[in-house]
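A quick write-up on the structure given underneath.
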Amino acid sequence: MVFIKGSGRVYRRCGCVDPQSGKALGAGCPKLGAGRRHGSWYVRLELPVGSDGRRRRVRRGGFGTRKAAEEALARLGKPSGAGGGLLTVGAWLAQWLATRTGAASTSKNYGHHVRRYLTP
């Protein structure tokens, strides 16, 4: 386990299963220490307590390298956008539409649905 400046953590885990118990080994897999290609990197970030008083955590995984996971943690820890990191629903949807790739008809339909049903 590696801690990054107190804002979150980067760690590696895998999907191996203990043959006796049938439970996932996760970060306790003995192959993680021996093989560089075994498992994938994950990040976990603790967010401020929500308005309902419950803990909030973000966990993302499947990164191929530790560096990629650390970059993702840095992006998650410092959200960008208008209003000091806060985005309106309309601004987020516009940003989301701009990043869509694929068939032109799919993008056109997404835009139509967002404008008609989702944008406030």
Side-chain angles (χ1 to χ4, degrees):
M1 287 180 246
V2 178
F3 290 91
I4 305 289
K5 298 179 187 172
S7 63
R9 78 180 217 191
V10 176
Y11 59 98
R12 201 166 67 167
R13 60 179 286 132
C14 70
C16 291
V17 177
D18 182 10
Q20 264 95 34
S21 67
K23 294 183 179 182
L25 293 173
C29 179
K31 294 180 185 177
L32 286 176
R36 291 180 53 167
R37 304 188 120 227
H38 188 75
S40 60
W41 290 91
Y42 284 75
V43 298
R44 187 171 79 189
L45 178 66
E46 294 285 335
L47 299 174
V49 176
S51 60
D52 58 357
R54 298 177 73 182
R55 285 175 76 178
R56 296 185 310 154
R57 281 189 239 161
V58 175
R59 183 177 134 185
R60 300 287 184 266
F63 299 101
T65 63
R66 179 179 177 172
K67 184 177 179 180
E70 288 172 350
E71 290 170 358
L73 180 61
R75 281 193 311 274
L76 286 171
K78 298 177 185 174
S80 61
L86 298 176
L87 288 175
T88 63
V89 171
W92 186 87
L93 286 169
Q95 183 180 2
W96 179 80
L97 277 173
T99 62
R100 296 301 98 194
T101 59
S105 61
T106 303
S107 298
K108 179 182 169 187
N109 287 332
Y110 284 170
H112 172 75
H113 289 296
V114 165
R115 284 187 300 279
R116 183 159 187 174
Y117 302 111
L118 300 174
T119 303

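This chain uses plain numbering: 1 for the first residue, then up along the sequence. The structure presented is a predicted model; accordingly, all values stated were derived computationally and were not measured.
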Kindly give the heavy-atom pair with the smallest separation between [X] and [Y], and that separation in Å.
X   : Y    : answer
W41 : G64  : CD1-O, 3.8 Å
W96 : V114 : CZ3-CG2, 4.4 Å
E70 : V10  : CG-CG2, 3.9 Å

State the CZ-CD distance between R100 and Q95, to the nearest 0.5 angstrom.
10.0 Å
Between the OG1 atom in T119 and the CG atom in L97, the distance rounded to the nearest 0.5 Å is 7.5 Å
With a 4.5 Å cut-off on side-chain heavy atoms, are T101 and S107 touching?
no
Non-hydrogen side-chain atoms of L73 and L45 separated by less than 4.5 Å:
yes
Side-chain donor-acceptor pairs under 3.5 Å in residues 13-20, sequence neighbours left out?
unit_1: D18; atom_1: OD1; unit_2: Q20; atom_2: N; d: 3.4
unit_1: D18; atom_1: OD2; unit_2: S21; atom_2: OG; d: 3.1

In chain order, what residues pass the side-chain contact (heavy atoms from CB on, under 4.5 Å) check against [X], with sequence neighbours excluded?
X    : result
A94  : none
R116 : H112
A91  : L87, T88
A104 : none

Could you note down all residue pairs passing side chain to side chain donor-acceptor pair (under 3.5 Å) where residues 48-61 supplies at least one of them, sequence neighbours left out?
E46-R55, E46-R57
In the single-linkage hydrophobic clustering (I, L, V, M, F, W, Y; side-chain heavy atoms under 4.5 Å), do L76 and F63 co-cluster?
yes
